[in-house]
Amino acid sequence: MQPAKAETTVPATKDMKDIVALCKRRGFIFPASDIYGGINGFWDFGPLGTELKNNLRDLWWKRMVLCPPIGPDGHPVQMVGVDTAIIQNPKVWVASGHVGGFSDPMVDCRETKKRYRADHLKMLSFSDKPNVYATYIQDSEEEDIKKVLKGIGLLKSYEAGNAKAEDFVSFVAAKPESLKFIYGPDAKEIGTLTEPKAFNLLFETKIGATATDDNIAYLRGETAQGIFINYKNVLDSSRVKVPFGIAQIGKAFRNEVNPRNFIFRSREFEQMEMEFFCHPDEAKMWFDFWKVERQKFWQDLGLAKENLLMREHGQDELVFYSKGTFDIEYHFPFNGFDESGNKLFGELEGIAYRTNYDLNQHAEHSGQKMEYMDPDDNTKRYVPHVIEPAAGLTRGVLALLCEAYTPDPNRPSGVYLNLHPKIAPKKAAILPLMAKEGQPEIAEKLYMELREEFPVDLDIKQNIGKRYARQDEIGTPFCFTIDGETSKDNAVTVRDRNTMAQERVGLDNVAEFLRKKMKV
RNA sequence: GCGGGUGUAGCUUAGUGGUAAAGCUCCAGCCUUCCAAGCUGGCUAUGAGGGUUCGAUUCCCUUCACCCGCUCCA
């Protein structure tokens, strides 16, 4: 291979608009229901996008289930996979907290454009002023409340002791028409709050051809619960012992308030989740292990270190049952930069120490025992703790596409996808330089040989530059070109996607050449 | 969900109250050959619905989608 030219560092101007356009143009990702004008929050994967997604999915599965790493205890990690139903008994989602517990009603203010959790709002009524009510966010400082009341002329009444604190949610529920007499927490105008709206992110559906409200069910909001509810079944059937993991890849559905940023936040998406069950005393060790392991995974796929961030959740954003959560975040083009020019990031994977919350919840709601009996000491029983690395497959595809997208004014296509050969949808293209002089025949023979082992393209039409350009845009790492010499020296030219450098390889060595590149 | 913006062919852009224009892509053919070359021909568009009008891509209303900001993301 000729030495690659010194990298001319082009300031990577990656624009989401261009990436989305390329995805559509080349068949990676289309707007769902495109011919009907699309549908907000849904996307379809085209031929190449499907290959890319499957490659990422298969690599995750291989790395986690088929060939898991050596654990911190020096033994290969025990891991099994499941594939559970998208629709489960609705009680699953009651136990998990997705139904009921977490669906907080929200209130919008039309004036200030702010949104509040309705249960965080407190309301003041005034005995000397009918039909005027003030609101404030609970736990606000006395000073701040007074400031607000002064602004709307209610301070005197308040200081005279005429104000009475009431619960906003129950008041509005009882008298919805009273909203027009209520001041929002930061509003100068009266009556700008909207009705409290419940935000339940689970999609509802009804089971049975004669659907009624009695048979409401939910599309799963995460794949994890399918794992938890099969924990006993797996334990009883698979000869696994704690510590071990159960993995699952599949679709999940969330009725997002506002889908945004291409496929980053969509209402239907795919997850790659693993629940690792271990003894509470070892949880910390496994948590640290998976943090490192998962970070390595994304780097091995070609995501640049400087675009990845391991971010610990602060106490305020930590769900109450978690004893620690780290997000692996990626610097997507739409994340942009802060005022100081630092990169901003979006979540790619969450690694959560969930304690034994989920198993306990299901034990309580199902009445089934989730205790694990120590095989070495039958007197020891415990509910295992769980470490959960939960990655977004859909988001992973987006990160790979964004990372690979490389504008390059020095080549005809103006851009190429720098995808690792392991994940590229096409591993190589076979291109006869001319559509005559026996070249297509040689190309076809090579194609027939390679297609047994690799996804490859055979392209005979049009001039060579156009064909290189097309392969650049879909991220094909290698092009094998048959020219006038090939019939004499039994060799082809290999053209490297990233460097455009060329070298000569014997026809008999082409498959081996690809095989080696795939391992890198 | 709120506010702002955008919507003409696969892409980038033109234009008009009266037959919707071009370049690139794509397809077919010729030519020939290492980076979107040349020649010939071809396909393809006013996001959707309604209103005003003799006539709407253009003006008005509604709606949908996308982008930006806010919000949300258990």
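Note: hydrogens, waters and symmetry copies are ignored here, and every other heavy atom, side chains too, is used. A quick note: this is a predicted structure, and the numbers were derived from the prediction, not measured. Lettering follows sequence order; numbering is per chain, from 1.
Taking atom CH2 of A:Trp43 as the reference point, atom C1' of B:C67 lies 11 Å away to the nearest angstrom. For the pair A:Ile35 CD1 and B:C66 P, the computed distance is 16 Å after rounding to whole Å. Remark: C1' of B:C66 and CZ of A:Phe264 are 18 Å apart, rounded to the nearest angstrom. If you measure from atom CD1 of A:Ile39 to atom P of B:G47, you get 21 Å, rounded to the nearest angstrom. The separation between A:Phe42 atom CZ and B:C64 atom C1' is 15 Å, rounded to whole Å. If you measure from atom CE of A:Met16 to atom P of B:C66, you get 13 Å, rounded to the nearest angstrom. Distance, A:Arg260 CZ to B:G69 C1': 8 Å, rounded to whole Å. One interatomic measurement links the two molecules: CZ of A:Phe262 to P of B:C68, which rounds to 12 Å at whole-angstrom precision.
A cation-pi arrangement is not found for A:Arg311 relative to A:Phe345, the charged atom failing to lie both closer than 6.0 Å to the ring centre and inside a 45° cone about the ring normal.
Separation of the P atoms belonging to B:G17 and B:G4 is 27 Å when rounded to the nearest angstrom. Spacing between B:G69 and B:U63 at atom C1', rounded to whole Å, works out to 23 Å. Using atom P as the reference point in both B:G10 and B:C27, the two lie 15 Å apart (nearest Å). Separating the C1' atom of B:G7 from that of B:C26 is a span of 23 Å, rounded to the nearest Å. The P atoms of B:G55 and B:U71 are separated by 49 Å, rounded to the nearest whole Å. If you take atom P in B:A9 and the same atom in B:G47, they sit 8 Å apart, rounded to whole Å. The same atom, C1', is picked in B:U53 and in B:U58; the two are 13 Å apart, to the nearest Å. Nucleotides B:U19 and B:U33 place their C1' atoms 43 Å apart, quoted to the nearest Å.
Relative orientation of the A:Phe277 and A:Tyr231 rings is tilted, given thresholds of 30° and 60° on the angle between their planes.
More than 12 heavy atoms of other residues, nucleotides or ligands shown are found within 6.0 angstrom of CD on A:Glu473.
B:C72 makes up no base pair with any nucleotide shown, lacking Watson-Crick or G-U wobble contacts both under 3.5 Å. The nucleotide B:G55 finds no pairing partner, because no Watson-Crick or G-U wobble arrangement with both distances shorter than 3.5 Å includes it. For B:U40, the paired base is B:A28 (Watson-Crick or G-U wobble, both distances below 3.5 Å). In this structure, B:A45 forms no base pair with any nucleotide, since neither Watson-Crick nor G-U wobble geometry is met with both distances under 3.5 Å. Nucleotide B:G23 has B:C11 as its partner under the Watson-Crick or G-U criteria, with both atom distances under 3.5 Å. Nucleotide B:U6: paired with B:A65 (Watson-Crick or G-U wobble, both distances less than 3.5 Å).
Of the residues near RNA chain B, A:Tyr36 and A:Asn258, the one whose nearest nucleotide (by heavy atom distance) lies more toward the 5' end is A:Asn258. The nearest heavy atom of RNA chain B to A:Asn40 and to A:Gly221 marks one nucleotide each, and the one closer to the 5' end goes with A:Asn40.
Aromatic ring centroids of A:Phe513 and A:Phe478 lie under 6.0 Å apart. Aromatic ring centres of A:Phe262 and A:Phe264 lie farther apart than the 6.0 Å criterion allows. Separation of the A:Phe337 and A:His331 ring centroids falls under the 6.0 Å cut-off.
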Next on the checklist: Across nucleotides 26-36 of chain B, 5' to 3', mark each nucleotide with B, S or - according to how protein heavy atoms within less than 4.0 Å reach it.
Outcome noted: SS-S--SBBBB

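A:Asn261 comes within 4.0 angstrom of sugar-phosphate atoms only, judged by non-hydrogen atoms across all strands, and of no base.
Checking each of A:Lys53, A:Arg395, A:Arg57, A:Lys251 against A:Glu270 for a salt bridge (charged side-chain N to carboxylate O under 4.0 Å, His left out) leaves exactly one that passes, namely A:Lys53. Among A:Val386, A:Asn230, A:Thr223, A:Ile387, the one residue that satisfies the side chain to side chain contact (heavy atoms under 4.5 Å, CB included) test with A:Glu275 is A:Val386.
Across all non-hydrogen atoms, the minimal contact from A:Pro432 to A:Ile460 is CG-CG1, 3.8 Å.
Listed candidates were B:C2, B:A74, B:C73. Nearest to the side chain of A:Arg265 is B:C73.
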